[in-house]
Protein chains: 2
Amino acid sequence: MGEAERAGPQGGEALLFLTDEQLRQGIEAMFFAYRGFTADPDRILATLSYGRAHHRAIHFIHCVPGTTVNNLLSILGVTKQSLNRVLRTLIADGLVESRVGRLDKRERHLYLTERGEGLERQLSDAQRARMRQAYRQAGPEAVAGFRKVLEAMMDSEQHRQYRALRDSR
Amino acid sequence: MGEAERAGPQGGEALLFLTDEQLRQGIEAMFFAYRGFTADPDRILATLSYGRAHHRAIHFIHCVPGTTVNNLLSILGVTKQSLNRVLRTLIADGLVESRVGRLDKRERHLYLTERGEGLERQLSDAQRARMRQAYRQAGPEAVAGFRKVLEAMMDSEQHRQYRALRDSR
DNA sequence: ACTTTACGTCAGCCTTGTTGACATTCCAAG
DNA sequence: CTTGGAATGTCAACAAGGCTGACGTAAAGT
């Protein structure tokens, strides 16, 4: 590795010449953009002494109400102990409700309370505003390409989860 | 906010209808893709009991050899105490060299040693391989769009730093 | 001479990741 | 039916890596 590259592995794909320098720019763009991506929610969360972990939990509980702890675990890709600490504070603060499963009493089904939905709204409004601004500035074709590259960057497992969430709506 | 949106703030921009749902998908794509983006270096770093903080320092010292601590600080956006902890271990392990400035002796200029360059190479090879695969799979137009959206997502300060790095090569 | 700048370090805190130990519940084999 | 194992979730303790604040030192600037 190290030299310019030609050809692609997928038969019908376009020929692409990718220098290390072009790739490095993509890497740095990801780094800086992700900081921008999380900046607005981070500011809101800081005022409530919550962190990104709380945001992630709130986001996915909102998307899949009634999800179990185990399911949330596999989406977030952390240990159950780590998630539990976050959930405990969110439950204590009355943002999340945990209901014992009816069929399987070992399971806990998670729901946002009204206050939880309120915070979710506040956070996702901020993040969507940034996203909307970026999408508009870049234009519709750029957005399609953006999504395409991001999907290609995921591990297969992540891609599966991404589509699962997408299709569950 | 909350309903579909029309029109763009920039005069000549294309008309874009962006539903909350489309924006939410973009947000989740960023989340999952960033995990994929860091997965390969993380695996390598774990075997050396280093973390992402070390990776970031190594990356930018490689890009801007001889950079000062203060400069690195502003790029990484962390406190000097935080950075210093990481730098101390990298210097102790012989991956980074810190030279007193010739003109201004207060400054420390940072360089990767040969071993440091070796690790940088290993980490960036892994990350570039993922990037190259994603770029090829998505195609050249998608790549252009990808970069465009990421740049639009940065804060102005981040965008400034991104371009500064870009232009310094 | 005094102030400011650049850097290092110590102490202590918080968030968020980890592993280990444990309780509860379910299920299936005996 | 009982019992042992698997699945689910909770609590405890630790580590990494952020943060703030205080302080020291050396060099530059005024």
Side-chain angles (χ1 to χ4, degrees), chain A residues 31 34-35 38-39 41-61 66-93 96-111, chain B residues 31 34-35 38-39 41-61 66-93 96-111:
Chain A
F31 172 73
Y34 198 79
R35 287 240 304 258
T38 57
D42 281 354
R43 265 188 290 276
I44 297 170
L45 290 159
T47 69
L48 304 167
S49 54
Y50 287 145
R52 269 183 218 176
H54 300 86
H55 184 189
R56 289 195 283 268
I58 288 173
H59 177 101
F60 288 109
I61 294 172
T67 186
T68 65
V69 173
N70 237 1
N71 184 26
L72 201 51
L73 239 46
S74 74
I75 294 174
L76 296 175
V78 296
T79 59
K80 59 181 176 172
Q81 294 88 333
S82 210
L83 174 59
N84 188 256
R85 188 192 309 120
V86 169
L87 283 180
R88 211 186 319 173
T89 72
L90 289 175
I91 291 169
D93 294 352
V96 167
E97 195 189 344
S98 165
R99 300 184 202 153
V100 174
R102 284 192 308 121
L103 270 90
D104 189 333
K105 289 181 189 166
R106 292 172 302 180
E107 293 179 342
R108 302 296 138 92
H109 297 273
L110 302 169
Y111 301 87
Chain B
F31 172 74
Y34 198 79
R35 288 242 304 259
T38 57
D42 282 353
R43 263 188 291 276
I44 296 170
L45 291 159
T47 69
L48 305 168
S49 54
Y50 287 147
R52 269 182 217 175
H54 301 84
H55 184 189
R56 288 194 286 268
I58 288 173
H59 177 100
F60 289 109
I61 293 173
T67 187
T68 66
V69 173
N70 242 356
N71 185 26
L72 201 50
L73 240 45
S74 76
I75 294 175
L76 296 176
V78 297
T79 59
K80 62 174 179 177
Q81 293 90 331
S82 226
L83 174 60
N84 191 256
R85 191 193 303 131
V86 169
L87 281 181
R88 211 186 316 174
T89 72
L90 289 175
I91 291 169
D93 295 353
V96 168
E97 195 189 344
S98 165
R99 299 184 204 153
V100 173
R102 283 191 310 123
L103 269 91
D104 189 332
K105 290 182 188 166
R106 293 172 304 179
E107 294 180 338
R108 302 298 139 89
H109 298 274
L110 302 170
Y111 301 88

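In the text below, chain A, chain B and the rest are named by the order of the sequence lines, each starting its count at 1.
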| Taking the side chain from Ser82(A) and the backbone from Thr79(A), do they hold a donor-acceptor pair closer than 3.5 Å? |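 No; zero donor-acceptor contacts below 3.5 Å.
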| said: Given 3.5 Å as the limit, does a donor-acceptor pair link the side chain of Arg35(B) with the main chain of Leu76(A), or not? | reply: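 Yes; judged by distance alone, with no hydrogens or angles, the pair exists.
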Has [X] got a side-chain N or O lying under 4.0 Å from the OP1 or OP2 atom of [N]?
| X | N | answer |
| --- | --- | --- |
| Arg88(B) | dT9(C) | yes |
| Asn70(B) | dC7(C) | yes |
| Ser82(A) | dT16(C) | no |

| query | What about Arg106(A), does its side chain sit under 3.5 Å from the base of dT24(C) through a donor-acceptor pair? | reply |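 No pair found.
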| request: Just call it for Gly77(A): base, sugar-phosphate, or nothing, with non-hydrogen atoms closer than 4.0 Å on any strand. | output: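 The answer is nothing, as Gly77(A) stays clear of every strand by at least 4.0 Å.
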| said: Students often get this wrong, so: under 4.0 angstrom with heavy atoms, is Leu103(B) touching a base, only sugar-phosphate, or nothing? | reply: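 The residue Leu103(B) makes sugar-phosphate contact but no base contact.
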Given atom [atom1] of [X] and atom [atom2] of [N], what is their separation to the nearest angstrom?
| X | N | atom1 | atom2 | answer |
| --- | --- | --- | --- | --- |
| Arg102(A) | dT25(C) | CZ | P | 17 Å |
| Gln81(B) | dG18(D) | CD | C1' | 11 Å |
| Leu48(B) | dA16(D) | CG | C1' | 15 Å |
| Ile91(B) | dC7(C) | CD1 | P | 12 Å |
| Leu87(A) | dG9(D) | CG | C1' | 10 Å |
| Leu90(A) | dT16(C) | CG | P | 10 Å |
| Glu107(A) | dA23(C) | CD | P | 22 Å |
| Asn84(B) | dT20(D) | CG | C1' | 15 Å |

Minimum-distance nucleotide (side-chain atoms of [X] versus [options]):
| X | options | value |
| --- | --- | --- |
| Thr79(A) | dT18(C), dG17(C), dG8(C) | dT18(C) |
| Arg56(B) | dT18(C), dG9(D), dG18(D) | dG18(D) |
| His54(B) | dT16(C), dG17(D), dG9(D) | dG17(D) |

| field | Lys/Arg N to Asp/Glu carboxylate O, Glu107(B) vs Lys105(B), below 4.0 Å | value |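 Answer for the salt bridge query: no.
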| message | Which is more 5' along DNA chain C, the nucleotide nearest Tyr50(A) or the one nearest Leu110(B)? Just name the residue. | response |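 Between the two, 5'-proximity favours Leu110(B).
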| request: Examine the side chains of Asp93(A) and Thr89(A) and answer whether a donor and an acceptor come within less than 3.5 Å of each other. | output: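 Short answer, no.
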| request: Indicate whether the side chain of Thr68(A) and that of Arg108(A) have a donor and an acceptor atom separated by less than 3.5 Å. | output: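 No, because no side-chain N or O of Thr68(A) sits under 3.5 Å from a partner of the opposite role on Arg108(A).
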| Taking the nucleotide of DNA chain D with the closest heavy atom to each, which residue, Arg85(A) or Asp104(A), is nearer the 5' end? |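 It is Asp104(A), whose closest nucleotide lies nearer the 5' terminus.
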| message | Both Lys80(B) and Leu83(B) contact DNA chain D. Which one's nearest nucleotide lies toward the 5' end? | response |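 Residue closer to the 5' terminus by nearest nucleotide: Leu83(B).
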